[in-house]
Amino acid sequence: MKKKVLILSGGISKERLISLDTGYQVAKELKKNGYKVKISEPDNNLEKNIKIFKPSVIFNALHGQFGEDGYIQSILERFKIPYTHSGVISSSIAMDKEISKKIFIKNKIKTPKYFTYSYEISKPDLIKKIKRKLKFPVVVKPLNEGSSVNVYISDKTNLGKILYKLKSYKKVMIEKFIDGREIQVAIMGDRKLGAIELKPKRKFYDYQAKYDSKSKTKHIIPVELPKFKFNQLMNAAFKAHKIIGCSGVTRSDFKYLNGNFYLLEVNTQPGMTKLSLVPEIALYKGITFINLIEWMLKDASKKK
Ligand SMILES: Nc1ncnc2c1ncn2[C@@H]1O[C@H](COP(=O)(O)OP(=O)(O)O)[C@@H](O)[C@H]1O
Ligand SMILES: [Mg+2]
């Protein structure tokens with residue numbers, strides 16, 4: 001008998017639309033392959049939906065706040081039903097760019113230099129601090145968003161405007177801008193699955209470059225790197241996945257400059273539409289979309 005799968009998608013994060021797309025596409029693929037599927041929002045009806053549908057496994061297709069940060073995972077633990085991807089603590093660590101960077105640094109995984117800013121010093125003082133510690137340009141970003149939402153590159157002139165836009169976060173990350181190649185790595189359990197390079201036509205790999213097909217980001221697979229460099233990259237992603245304690249599939253985002261890989265973040269809920277990066281890397285390795293989803297379901301069952 002095929003498993004009954006409840007797919008969690010939507011939610012209230014800024015990545016709601018991406019999650020709905022992931023959920024819909026995973027559901028379509030599972031239905032095509034004979035599974036019983038129900039899609040549910042992570043709202044007040046979730047418990048009722050679970051009681052009525054009685055899924056054997058939950059596919060977490062959420063992204064961003066409350067879906068990728070340990071919050072929904074801790075609710076799912078209560079139902080005692082296996083769910084895909086990472087658990088409570090690893091999800092919350094990976095979602096917090098400041099905590100995860102501290103862990104990367106402690107474990108000798110290179111990451112761009114940074115400091116956090118809580119609007120505690122004046123703009124002129126901040127500019128001085130940036131010049132002293134990082135140098136312009138810098139990247140200003142929230143600590144816990146995804147999909148490049150509210151990620152900005154700042155030279156000195158637009159810093160004030162950007163900080164004003166991000167005021168509601170109360171605390172932001174200011175990071176050295178690494179003007180290098182954009183390479184992302186997929187890890188699948190104990191397997192270093194592969195990597196893909198992205199060449200956005202835009203200034204950086206922003207929201208539009210990620211999701212608007214007209215913006216035409218070029219996807220390059222296999223990534224052109226000498227073998228030993230490629231291994232170094234895969235090892236860094238694998239190490240990050242393991243030290244954070246991730247499960248299932250993750251996707252780590254790197255910048256590559258002057259022979260160094262700088263880890264920006266580990267994504268515990270990477271996009272899973274047919275055209276997303278992890279499915280693309282998997283396919284290159286001969287793992288079809290349904291194979292990948294079925295592996296995730298099996299891995300979820302094993303986890304609990
Ligand atoms: N320090 C940096 N140097 C250069 N580009 C960066 C830097 N930080 C972020 N970016 C660009 O912004 C994108 C999104 O940043 P990231 O830290 O991965 O946040 P998100 O969680 O929104 O994906 C990256 O893929 C990259 O293109
Ligand atoms: Mg990213």
Side-chain angles (χ1 to χ4, degrees), residues 13-19 22 62-65 67-69 91-101 104-105 109-117 130 133-155 159 162 165-166 169 172-187 195-212 215 217-220 223 233 236-237 240-241 244 246 249-258 260-272 276-278 281:
S13 82
K14 296 202 171 66
E15 292 171 275
R16 173 179 171 77
L17 294 180
I18 322 293
S19 167
T22 290
L62 297 168
H63 302 303
Q65 224 186 352
E68 191 164 355
D69 57 2
S91 299
S92 62
I93 292 173
M95 189 69 182
D96 187 308
K97 289 193 169 78
E98 185 183 13
I99 293 178
S100 50
K101 269 172 96 88
F104 302 155
I105 293 164
I109 299 170
K110 276 206 175 73
T111 183
K113 267 198 191 160
Y114 78 103
F115 58 83
T116 55
Y117 176 63
I130 291 175
K133 295 204 166 203
L134 308 173
K135 295 196 174 42
F136 283 100
V138 288
V139 175
V140 186
K141 56 179 146 182
L143 300 178
N144 60 352
E145 293 282 4
S147 290
S148 302
V149 168
N150 283 327
V151 176
Y152 295 98
I153 299 175
S154 167
D155 50 32
L159 185 66
I162 292 168
K165 270 192 198 152
L166 301 192
Y169 290 102
V172 292
M173 174 168 287
I174 304 193
E175 204 174 55
K176 190 174 175 64
F177 174 71
I178 308 290
D179 195 10
R181 288 161 69 184
E182 178 98 19
I183 304 178
Q184 309 199 346
V185 179
I187 301 295
I196 190 162
E197 177 165 358
L198 304 147
K199 284 203 176 146
K201 285 247 166 72
R202 298 171 60 77
K203 206 163 147 204
F204 71 107
Y205 197 37
D206 63 4
Y207 189 92
Q208 217 170 315
K210 284 179 181 177
Y211 301 114
D212 175 12
S215 300
T217 293
K218 216 165 138 194
H219 293 197
I220 301 163
V223 176
L233 169 69
H241 175 109
I244 297 179
C246 299
V249 167
T250 59
R251 199 199 71 232
S252 290
D253 300 347
F254 289 87
K255 297 296 293 186
Y256 181 54
L257 183 69
N258 296 333
N260 291 311
F261 297 105
Y262 296 91
L263 179 55
L264 297 177
E265 58 156 352
V266 175
N267 297 287
T268 51
Q269 296 280 134
M272 276 289 289
S276 299
L277 301 171
V278 171
I281 295 169

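Numbering of ligands and ligand atoms starts at 1, following listing order. Note that the numbering runs from 1 along the sequence shown for the chain.
Judged purely by atom type and a 3.5 angstrom limit, T268 has no side-chain atom pairing as donor or acceptor with the backbone of M95.
Taking atom 11 (C) of ligand 1 as the reference point, the nearest protein heavy-atom neighbour is F204 CD1, 3.4 Å. The protein atom (non-hydrogen) at minimum distance from atom 3 (N) of ligand 1 is I178 N, 2.8 Å. What sits closest to atom 2 (C) of ligand 1 on the protein, heavy atoms only, is V139 CG2, 3.5 Å. What sits closest to atom 8 (N) of ligand 1 on the protein, heavy atoms only, is K141 NZ, 3.0 Å. Looking from atom 21 (O) of ligand 1 to the surrounding protein, the closest heavy atom is K97 NZ, 2.7 Å.
Residue K210 places a heavy atom under 4.0 Å from ligand 1.
The part of E145 lying near ligand 1 is the backbone, judged by heavy-atom distances below 4.0 Å. Under 4.0 Å from ligand 1, not a single heavy atom of K113 appears.
The tally of protein N/O/S atoms under 2.8 Å from the Mg ion (ligand 2) stands at 2.
Judged by distance alone, the side chains of Y169 and N150 do bring a donor and an acceptor atom under 3.5 Å apart.
Among H63, K210, E15, the single residue meeting the side chain to side chain donor-acceptor pair (under 3.5 Å) criterion with S147 is E15.
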